[in-house]
Amino acid sequence: MDEYPYPLFFEATDFTDREKEKVRRYFQKRRDSGGGDCGNLEKLGGSVYKICFKLKEDQDRVLQRKFHTITLPSGEVRLTVSRTSSPQTSDQPSTSQSLISRNPNIKGLEKTFRIDVFLMFFLRDNCKAYKFLEKQLSSIGCTVELNFDEEEVLVRGEVDKGPGGGFGGAAEKWECQVDQVFIRLTETYLCYHVLEPKQMKMVLQDSAFKTDDIKVYTESGYAVVVGEVDAMKEKIAILEKSLPTKKEVPIVEKKFKLIEEEFNREMRANCPEVAIIRGSAMITLEGPDKEVQSGAAKLVELIKNVKEKSVKFPTALLTFMKTSDAIPKYQTRFQQSLRNPVFFEVGADLVLSSLSSDALNEAEAAVMRDLKVTTVQLQGATDLNRLKEILMKAKNEANSREFRVDISYMPGARGTSTTNVQLVGYSENVAKLNEVLHDFQLNQVSTQENINLLHPELVDCFNKILDLIGMKQTKVTLQASHFPNPCVFVSGPRCHVQEVKEALTSTLDSVVVDTLTLDGPGAQQYFQEEGKVTKELIESSYHVIIRDKQTAAIPNVQRPRNTSRLSDTPRSLSYSSSMYSTVGNSAINRTNLKIKLSSLENEQADVLVVPMLNKQLTSTNIGNSLLAKAGNVLKLKFDSVLASCALAPGDVQLVDAPPSLGCSRIFFIECLPWDGVRGKSVQALGNGLKKCLELCAQLNLGSVAIPIIGPGIVLQYPLREAIQVLTDVIHQFGLSASSGSLTNIHIVIKPGYPDSEECYHDVYKQLSLNMNQGGQAIFRSLTSDLDDIIITVGSGVKLHVVFGDITNETTDAVVNTTDFQNFNLDGVCKDILTVAGPEVEAKLKAGEKKRSCYLPSHLTYLTLTHASCVTFCAAKVNRGEIYVTQSGNFPCKAIFHVCGEKDQALIEQLVCDIIAYCECYKYSSVAIPAICAGAGGLNPAIVAGAILQGIKASASSMNSLTNIRLTLIKIDVFLAFKEKAMQMYSSAVINRVLPVLPVLPVQVQQQQPPHSVSAYLSSLHISSTSQQSVFTFLGLSKKDVDDAMEKLKHQYHTQCSSNTFLKEELEPLDQDDMMELKELVESEGLFMQTDQSGSLTVSGLKDGVTRVMKKMNQCQLMGLANEVRVREEEDLYLRVVWCILAHNGNWERLPRTANHQLENNELTEGIKDAQGLVWEVNLQTMMATQQLSRQAMKLKRLENLRDFTYPLYWDSMAANESLKVVTLEPSSAEYRAVKEAFKRTVAKTVMKIERLQNVHLRRTYEAQRKHISDKNAQEGGAGEKLLYHGTTQENCDSIVKTGFNRSFAGQNATAYGLGTYFAVNANYSAQPTYSKPAADGSQLMFVARVLTGVFAQGQATMKVPPPRNTQQPHDRYDSVVDKMDNPSMYVVFHDNQAYPDYLITFK
């Protein structure tokens, strides 16, 4: 096989075809065997095999391996290869052969080595080296032979048999010893190949390379130097130094051109052997090292001497240089004519380079002198096309031989119609074109002048003025304008404009202008319609112009002609409630109340209200916070204003706010520290707050931000007292009808304090009580930062973010967050389990026997405690699992118990699984708390992100689930969820619905006496200016103007009439009638005036006066009908009460008209509530639906007893029913409000809340309230408060039926007197001493309405309150307290002074 000429042989047992192929592939892989391309494996006979290689190098590498081990299916095979096919023993190396020996105990061996042939020549020629090799081999019993034909070294030796009778071990040792000798040989000597001709010549001619220890051998084209390693290294270093050095130096072309001549001169003189090779941005120096280094240094030095100068030029001029021949022209000029050449380059700037600074300055001056750019603004109206034609001709002449000048046209400044002409090029040519342009403007351009008008009236009738004075048509354009002032613009050719201006100015100055005023705005309308021809005849006859003059108070009256009018059609039978009530009208109902969870210094409002003590800015925490944000600017303003003024407690000082605050002004109230409920501090704070609101109205300010002033460490008010003062002032302000432009009152509560939640609930409760009065709205709205957030996710699923208690939820599923260990710690878990009952808690603690149920694959297998719930044994709940139990007493279908383990990713997955569970069991709603944000201690923002992300990720899988409620009980947690929800969902909207406490009973407001006729007439605000028609007359002589005015006046009076309505005729009219009458008078353009007797006179065009008389008759008839209707409504209003459930959860009484409509089923057009909203009513379902929003609300009807008015929040009762106990629904606002007030101080769980409706007790209570209120009219009234009273099951029924009985005083304590005790906070009454637990652990507590009135300090011996005045011993205080400055306990001594309103069962 000629293709594979290099064979190797080895012995082996028979191979299968598959094994042969595997052996071939082994020898084919260099990394395995050292081999390469080879043929197929051949068997020669017996156990001998042959394999041939294509290259001899591959054959040699295979032989250099001692053994070759190959893994075959039958096991490993160890092969020994050789060049011949003679038999071998498998334990000998491949390059060794056994020799024939006569002694059977001795065996001869030989081994060949392929080394560099020049090393073999060296051994041959260097006796010392060869003898040393022989000596090493002889020491191990070997001889050596150099075979130059085969380029091999042959080593022979003998070995004896070993102890076992074999030669294997000895042969292997011998081979290792021989290998070590040749390894040392190749490490001792070095063969160096010289290929570079110059080095080769040096090696052959230099005698230093021909010694006894170093030999040189030549081949065609190269030489080889052989010797010991150390000596060879020295020789190699000499050879390498003899090579020429090459060095590259980067250059900038323009700089190199400047120094090229000098550099070449230097190199020729000092480095003649160095070759200079010029490349792109690179100079290569090649030659002797020393000279190359010297040349490179010189080049760098010369380049450093090059100086550059960047000259700023206009862009247009740089562009001209690039497009013209300027660059090569200047390049040649600066290279030849200057003392030092200058390189000229144009880019973003003009860059000059040279070895001389003087040359740079000279070149710059030359360019600045030779080139120029000029921009000329065209003045006035210009024939631009003509100008372009003239300039183009001049440009072509200048550029006939070379490009020397260019022209461009650009628009002028923004907002103007001017054009700029830019000339750029050589200075002399630019100057010539500029002269051409200047000549054109002088002779061709239009200009504009203006004539100021003495009378603005001339502007609107200027064209008629021109006709009047006989102005002829000229080439000049005249345009009258009001801007920038009344004037006439004269435009046209410059030569004509000045002439016309002079002539027109003198003529316009002679025009006579006068005005005529007629009573009644209808005069203008008359002369625009029926009297138009008459006016035009007067103008032409007297040579005048007559113009209608608009008054500032009223636009032109538009009188409809020959059409039906609203005022001609009788109104439907109705009356205006504003005649009989001081509240509910639009003037009052403008202000919005907003509860803000923020810091005052961050509020955005027109005014911030700030308390202070002793005129010191930093006397309160609020003042310090403002100063920290606003800085010393606020301090300077404050000191400058308050330095010279004296303030008493309750006074208010206005200070302008610095720009760093979000307000324009700050109102500082001078306060006093707390000195008791009846002290001066409360009075001062109330007066100050009242003044602040009144100032806002007086100064027309739109918004004010007020903090809760008092509870801080400086003033030390009890929180509830501070809130009471603020909310009372706001309530009185709402009733005052003087809000002016004040549309927003912000009540600011700072979050993050222990009492922030309590403060918020109390503020909201008090404000909600003040939203209405007597069935009428006082404020427009009440909103809060804690209003619900509603988001639509997926395909219509509603996500609610709610500030509230999860135990009030009534969803299908409720989620409980727990650690599955501590079930009795205060928090969500304890509340839920208490409501659910002991059975659920027992299951959660002990677990139950489970049975499997298959759910979707991603939920794996879950276990059930019953057919519809999934559960795990409490002791075996694994990470991420959900434990589901029955709901027990909780108003839901199932409770999901989870542990978030303070892990964000785990919480997100739990939410996904909760939603999947709801879908699996077809639940439509679920309530979820802030998992791990409470007792878990995890950052609320992290929890919010995890829960909302879990909901978002599961949105596509929601089918059954339609309502998800995130119920959050802490302010900071709710705000974190709110912020995250607003970020994640663009569809998030704020729902203005929040729970509040039930309102205290509102007494029917006494009917106000009707306003007098004179008051109605004065309310019309009749303005003489708005009832006049003014005409402007313009003429060329005063006589013409006077005659025309008299004629016009006479013509109008012939068309007019008047009628006077006496006071008695006006009596039946209400305010609405008077306003409609005024509208009719205005629409007809009539004049209206009153006299001291109360009569009303209307005058003007005859048709208009007739219509007013007809309208007056209609109003008189309707007024009589309204009086009858009003009496009916008032009578019904005292007997029957119709209420609507408002957005805030309170029952609100409907106005008298709506009350009458509902009772008499007059519902065709709907009813209006106190806010003026229209509702459609279905009496069968007792539901009302708002017309615009379609929101549905409940209705309720109460029929008062003859001597008793039902509170609005009571349910209706049968006529013979005196006691009714109503269990409140947990989902109602009333329930939530009572519960939240209880839970502020009591950690126990509310089981049930019942409203107690006892007519007899309430009747006597209301009588007592009226008595105390009348007695204390000047000292705060009845002082009704909602307080707590713990009780037992034995006493409970008695109190419900017969009320509180002071005869039982002393059962628990009489520290402050022998009366009935009531606590301000529920936690006091919840003590087992007062609220004794029943057998099942439940306790009872009353929420009572208590008339505290004016109180005194209690003492243990008191049986009645002490006298107020020793001179009047029967005039006693109404109650006593435990401490006067901040009472926590009230004691009353009259049984009718307290009413049991609610009964709370808790545990």
Side-chain angles (χ1 to χ4, degrees), residues 8-11 34 59-69 78-84 86-191 212-215 226-232:
L8 285 178
F9 303 90
F10 61 84
E11 292 183 1
Q59 179 196 41
D60 292 340
R61 281 195 299 272
V62 173
L63 286 170
Q64 289 175 5
R65 294 280 298 272
K66 189 171 183 180
F67 301 109
H68 292 271
T69 302
R78 191 177 188 188
L79 304 178
T80 303
V81 297
S82 67
R83 295 181 187 273
T84 65
S86 58
Q88 304 178 42
T89 59
S90 61
D91 61 346
Q92 293 179 339
S94 62
T95 54
S96 301
Q97 297 182 12
S98 60
L99 303 177
I100 300 174
S101 175
R102 295 176 182 177
N103 187 343
N105 295 322
I106 298 176
K107 184 177 183 178
L109 300 173
E110 66 177 24
K111 184 172 183 178
T112 58
F113 292 91
R114 296 186 61 81
I115 62 175
D116 194 313
V117 67
F118 295 103
L119 181 57
M120 293 176 63
F121 291 154
F122 180 80
L123 292 174
R124 180 195 65 189
D125 298 337
N126 190 312
C127 296
K128 177 181 176 182
Y130 186 73
K131 287 182 179 180
F132 182 75
L133 176 62
E134 283 185 326
K135 181 178 180 181
Q136 286 182 310
L137 291 173
S138 64
S139 67
I140 57 176
C142 299
T143 60
V144 61
E145 178 183 335
L146 302 177
N147 186 344
F148 290 97
D149 294 333
E150 295 293 333
E151 297 182 4
E152 295 177 345
V153 178
L154 179 64
V155 179
R156 294 188 179 88
E158 293 180 344
V159 295
D160 298 330
K161 281 185 178 180
F167 296 100
E172 190 172 326
K173 180 180 178 181
W174 178 83
E175 186 174 359
C176 289
Q177 290 174 333
V178 173
D179 289 343
Q180 290 296 322
V181 171
F182 275 86
I183 289 171
R184 285 194 295 272
L185 176 67
T186 57
E187 291 176 349
T188 303
Y189 297 98
L190 176 65
C191 298
D212 292 340
D213 296 329
I214 296 177
K215 302 296 180 181
V226 186
E228 292 186 3
V229 171
D230 293 339
M232 285 298 297

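In this text, all values refer to a predicted model and were calculated from it rather than measured experimentally.
- Taken to the nearest 0.5 Å, the CG atom of L123 stands 5.5 Å off from the CG atom of L185.
- Counting only heavy atoms from C-beta outward, the side chains of F182 and V153 approach each other to under 4.5 Å.
- The shortest distance between side-chain heavy atoms of K215 and F118 does not fall below 4.5 Å.
- Interatomic distance, T112 OG1 to R156 CZ, rounded to the nearest 0.5 Å: 10.5 Å.
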Quiz item: Stepwise, does the side-chain contact (heavy atoms from CB on, under 4.5 Å) test hold for T143 with L137?
Solution: CA-CA 6 Å; T143 60; L137 291 173; over 6 Å; no

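- For R114 and D60, the salt-bridge test passes: some basic side-chain N is under 4.0 Å from an acidic carboxylate O.
- Nearest heavy atoms, F10 versus T80: CB-O, 3.3 Å.
- Counting only heavy atoms from C-beta outward, the side chains of D179 and F113 approach each other to under 4.5 Å.
- Looking only at side-chain heavy atoms (C-beta outward), L190 and L119 stay at 4.5 Å or farther from each other.
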Exercise. Applying side-chain contact (heavy atoms from CB on, under 4.5 Å), run through L154 and N147 and close with a yes or a no.
Key: CA-CA 7 Å; L154 179 64; N147 186 344; 5.8 Å; no

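- At least one donor-acceptor pair closer than 3.5 Å links the side chain of H68 to the backbone N or O of V62.
- Proximity of E152 to E145: side-chain heavy atoms (C-beta onward) are nowhere separated by under 4.5 Å.
- Under the 4.5 Å side-chain criterion, counting only non-hydrogen atoms from C-beta, L109 is not in contact with E158.
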Exercise. Starting from the C-alpha separation in whole Å, work towards a yes-or-no answer on side-chain contact (heavy atoms from CB on, under 4.5 Å) for R83 and L63.
Key: CA-CA 8 Å; R83 295 181 187 273; L63 286 170; 3.4 Å; yes

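- Among F132, Y189, Y130, the single residue meeting the ring-ring contact (aromatic ring centres under 6.0 Å, His included) criterion with F122 is Y189.
- Salt-bridge check for K128 with E134: failed, with every basic side-chain N at 4.0 Å or more from each acidic carboxylate O.
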Quiz item: Do L146 and F121 pass the side-chain contact (heavy atoms from CB on, under 4.5 Å) test, and can you show the C-alpha distance, the side-chain angles, and the key distance before you say yes or no?
Solution: CA-CA 9 Å; L146 302 177; F121 291 154; over 6 Å; no

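- Considering all non-hydrogen atoms of both residues, G157 and C142 come closest at CA-SG, 4.3 Å.
- For the pair M120/R124, no side-chain contact is recorded, criterion being any heavy-atom separation below 4.5 Å from C-beta on.
- The shortest distance between side-chain heavy atoms of T188 and V229 does not fall below 4.5 Å.
- Scanning both residues, N126 and D213, for their nearest heavy atoms gives ND2-CA, 3.9 Å.
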